[in-house]
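Let me begin by presenting the structure, written as structure tokens, before commenting on it.
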Amino acid sequence: MKRRQFIKGSAIVGAYTAVPVLLKSAGLNEEKGRKIYQILNTQQTMVGDLPVLRAFAGDKNDYVSPFVFFDEFGPIAVNPNETPLTVGAHPHAGIIPTSYFLSGNCRHRDSLNHDFHVNQGDFMMFTSGRGAIHREETGEMMFQHGGIYHGFQIWLNLPSKYKFIDPTTHVFSKDKMAEIEHKDYTAKIVMGELFGAKSQVETLFPVFYYHIKLKPNTKLSIPTDPTHNAFIYVINGSLEAEGRKEIKANQVVLYERGESMVNIFSAGETEILMLGGRPHNEEVYAYGPFVMNTEDEIRRCIADYNAGKMGDPDIIDAAGRNRL
């Protein structure tokens with residue numbers, strides 16, 4: 001059987017460094033906290049039918065591990081009865097692609113015999129391990145009613161001891177994630193723990209994933225393990241960060257390790273993701289959707305995919321095309 005080529009646009013291509021902008025007036029004092037390593041601009045690209053903003057992809061591992069890839073898809077308006085926006089059947093190995101939906105819904109089908117919808121506020125973990133195939137497209141709700149399709153696909157890199165575990169897929173609803181309602185901000189703890197609020201999403205290694213909305217004139221100091229990585233992506237609005245540096249929408253700020261507190265200030269309403277965790281400190285080899293520790297492991301993944309051991313992309317795609 002002829003095997004599908006790897007998904008176009010999935011090659012590991014990173015973002016580019018931004019020139020820091022200094023704010024004239026400061027909302028932060030000189031509190032002790034993490035220093036900024038670098039600010040990154042996103043790059044526009046396409047994955048299947050989807051326009052995405054790519055924050056990083058396989059680079060900056062010293063500062064983003066255990067994460068290895070970050071895409072924001074949409075926001076894109078979908079009209080009722082339109083052909084679904086589709087990322088056709090494609091393989092992954094050695095990583096956990098995660099999907100988090102701010103709006104809209106997605107249909108996920110994979111070679112593990114899953115066929116389900118991921119809805120607004122849900123969080124999906126596709127632990128690919130030794131290799132599996134999935135297909136993603138806008139869901140039935142969007143086909144019937146239309147709406148805004150918007151969210152994130154962010155890959156967690158599996159450490160070497162988990163690279164070839166059996167693949168699994170899990171979807172977590174909003175009630176599995178902790179929420180904080182404060183007069184100055186709200187926070188959804190997708191993974192990890194913040195200010196005593198802990199997510200029920202279990203992970204194989206220490207990692208955190210916070211979705212935070214700041215009200216105007218809010219200063220926030222976020223504690224982290226000083227030995228772990230931490231970075232922030234601004235979805236909407238802007239932040240003042242360490243050194244009076246401005247972080248604009250669709251930019252990423254990478255922090256150095258060594259201190260606990262990440263200090264930020266928002267003059268207006270601002271929405272961010274803050275992520276990080278314990279770095280793997282392992283070499284990374286990547287070939288499109290396969291992320292491993294050695295070139296030999298990459299070759300093994302390619303051979304397994306070509307031999308059909310990860311599943312049949314034609315069957316998965318055919319089921320998707322025939323759903324409507």
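Everything numeric in this text was worked out from a predicted model, so none of it was measured.
Closest of all the heavy-atom pairs between M124 and V171 is CG-CG2, 3.8 Å. Closest approach of A89 to D317, counting heavy atoms only: N-OD1, 2.9 Å. Pairing each heavy atom of V190 with each of V201, the nearest pair is O-CG2, 3.4 Å. When all heavy atoms of P279 and H228 are compared, the pair lying nearest together is CD-CA, 4.0 Å. For the pair V68 and F56, the tightest heavy-atom approach, listed with the atom from each and the gap, is C-CE1, 3.6 Å. D122 approaches S173 most closely through the heavy-atom pair OD1-CA, 3.5 Å.
When side chains are defined from C-beta on, V234 does not count as touching K248, because their heavy atoms never get closer than 4.5 Å. A heavy-atom distance below 4.5 Å is found between the side chains of S111 and I316. With contacts defined as side-chain heavy-atom distances shorter than 4.5 Å, the pair S128/M310 does not qualify. Side-chain contact between N105 and Q120 is absent, with no heavy atoms from C-beta onward closer than 4.5 Å. Two residues are said to be in side-chain contact when any heavy atoms from C-beta on lie closer than 4.5 Å; N293 and E283 fail this criterion. Side-chain contact between V78 and L85 is present, with heavy atoms from C-beta onward closer than 4.5 Å. The shortest side-chain heavy-atom distance between N81 and F143 falls under the 4.5 Å cut-off. You'll find the side chain of K60 stays beyond 4.5 Å of the side chain of V252, heavy atoms only.
For K163 (side chain) and L158 (main-chain N/O), a donor-acceptor pair under 3.5 Å exists by modelled atom type. Between the side chain of H92 and the main chain of H90, no donor-acceptor pair closer than 3.5 Å is present. Between the K188 side chain and the E179 main chain, no donor and acceptor come within less than 3.5 Å of each other. The main-chain N or O of P84 is never found under 3.5 Å from a side-chain atom of E137 such that the two would form a donor-acceptor pair. Looking only at distances, a side-chain donor or acceptor of S266 sits under 3.5 Å from a matching main-chain atom of G268. Judged by distance alone, the side chain of H280 and the main-chain N or O of N157 form a donor-acceptor pair under 3.5 Å. One N or O on the side chain of R34 and one on the backbone of E256 form a donor-acceptor pair closer than 3.5 Å.
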Practice problem: Check the pair I189 / F195 against side-chain contact (heavy atoms from CB on, under 4.5 Å), numbers first and verdict last. | Solution: CA-CA 10 Å; I189 297 86; F195 301 136; over 6 Å; no
*Would T42 and R54 satisfy side-chain contact (heavy atoms from CB on, under 4.5 Å), going step by step from the backbone distance to the final call?*
CA-CA 5 Å; T42 51; R54 183 154 295 167; 5.9 Å; no
Report the C-alpha separation of M191 and L156 in whole Å, then their side-chain angles, then the decisive distance to 0.1 Å, and conclude whether the side-chain contact (heavy atoms from CB on, under 4.5 Å) test is met. CA-CA 12 Å; M191 292 190 289; L156 274 166; 3.9 Å; yes
Note to self: Test side-chain contact (heavy atoms from CB on, under 4.5 Å) on N236 and E269; report intermediate values, then the result.
What the structure shows: CA-CA 8 Å; N236 295 300; E269 292 188 352; over 6 Å; no
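For N113, the CG atom is loosely surrounded, since the number of other residues' heavy atoms within 6.0 Å does not exceed 12.
In this structure, the separation between OG on S199 and CZ on F172 is 8.0 Å, given to the nearest 0.5 Å. Atoms SG and CG, from C301 and D296 in turn, are 11.0 Å apart once rounded to the nearest 0.5 Å. Taken from SG in C106 to CZ in F73, the straight-line distance is 7.0 Å, to the nearest 0.5 Å. One finds the CD1 atom of I232 at 8.0 Å from the CD1 atom of I247 (value rounded to the nearest 0.5 Å). The distance from the CZ atom of F116 to the CZ atom of R107 is 10.5 Å, given to the nearest 0.5 Å. Separating the CD1 atom in I165 from the CD1 atom in I96 is a distance of 6.5 Å, to the nearest 0.5 Å.
For K174, the salt bridge (charged side-chain N to carboxylate O under 4.0 Å, His left out) criterion is met by no residue, not counting sequence neighbours. Here H170 pairs with nothing under the ring pair (Phe, Tyr, Trp, His ring centres under 6.0 Å) rule; sequence neighbours left out. Judged as a salt bridge (charged side-chain N to carboxylate O under 4.0 Å, His left out), and not counting sequence neighbours, R278 has no contacts. Judged as a ring pair (Phe, Tyr, Trp, His ring centres under 6.0 Å), and not counting sequence neighbours, the contacts of Y37 are Y63. Contacts of E295 classified as salt bridge (charged side-chain N to carboxylate O under 4.0 Å, His left out), with partners at least two apart in sequence or in another chain: R299. Legend: residues meeting salt bridge (charged side-chain N to carboxylate O under 4.0 Å, His left out) with K198, ordered by chain and number and at least two apart, are absent. T168 pairs by the side chain to side chain donor-acceptor pair (under 3.5 Å) definition with nothing, not counting sequence neighbours. The side chain to side chain donor-acceptor pair (under 3.5 Å) search around T98 returns none, not counting sequence neighbours. For D110, the side chain to side chain donor-acceptor pair (under 3.5 Å) test picks out H108, H114, T169, with sequence neighbours left out.
For the residue pair N229 / Y255, no side-chain donor-acceptor distance below 3.5 Å is found, with atom types taken as modelled.
Other members of the hydrophobic cluster containing L28, listed by chain and number, are F265; membership follows side-chain contacts under 4.5 Å among ILVMFWY residues, whether direct or relayed.
A salt bridge is defined here as a Lys NZ or Arg NE, NH1 or NH2 lying under 4.0 Å from an Asp or Glu carboxylate O, and R257 with D225 fails to meet this definition.
Cation-pi geometry between R300 and F164 is met: the NZ or CZ atom falls under 6.0 Å from the ring centre, inside 45° of the normal.
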Identify all side-chain donor-acceptor contacts of residues 144-154 below 3.5 Å with residues at least two apart in sequence or on another chain.
unit_1 : atom_1 : unit_2 : atom_2 : d
H150   : NE2    : E72    : OE2    : 2.6
Q153   : OE1    : W155   : NE1    : 3.1
Q153   : NE2    : S99    : OG     : 3.4
Q153   : NE2    : E136   : OE2    : 2.7

Acceptor/donor pairs from residues 204-218 side chains to any protein atom, 3.5 angstrom cut, sequence neighbours excluded:
unit_1 : atom_1 : unit_2 : atom_2 : d
Y210   : OH     : E193   : O      : 2.6
H211   : ND1    : Y100   : OH     : 2.8
H211   : NE2    : E271   : OE2    : 2.7
K215   : NZ     : K183   : O      : 3.2
T218   : OG1    : D184   : O      : 3.1
T218   : OG1    : K215   : O      : 2.7

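Linking ILVMFWY side-chain heavy atoms closer than 4.5 Å, directly or via other members, places M261 and Y185 in two distinct hydrophobic clusters.
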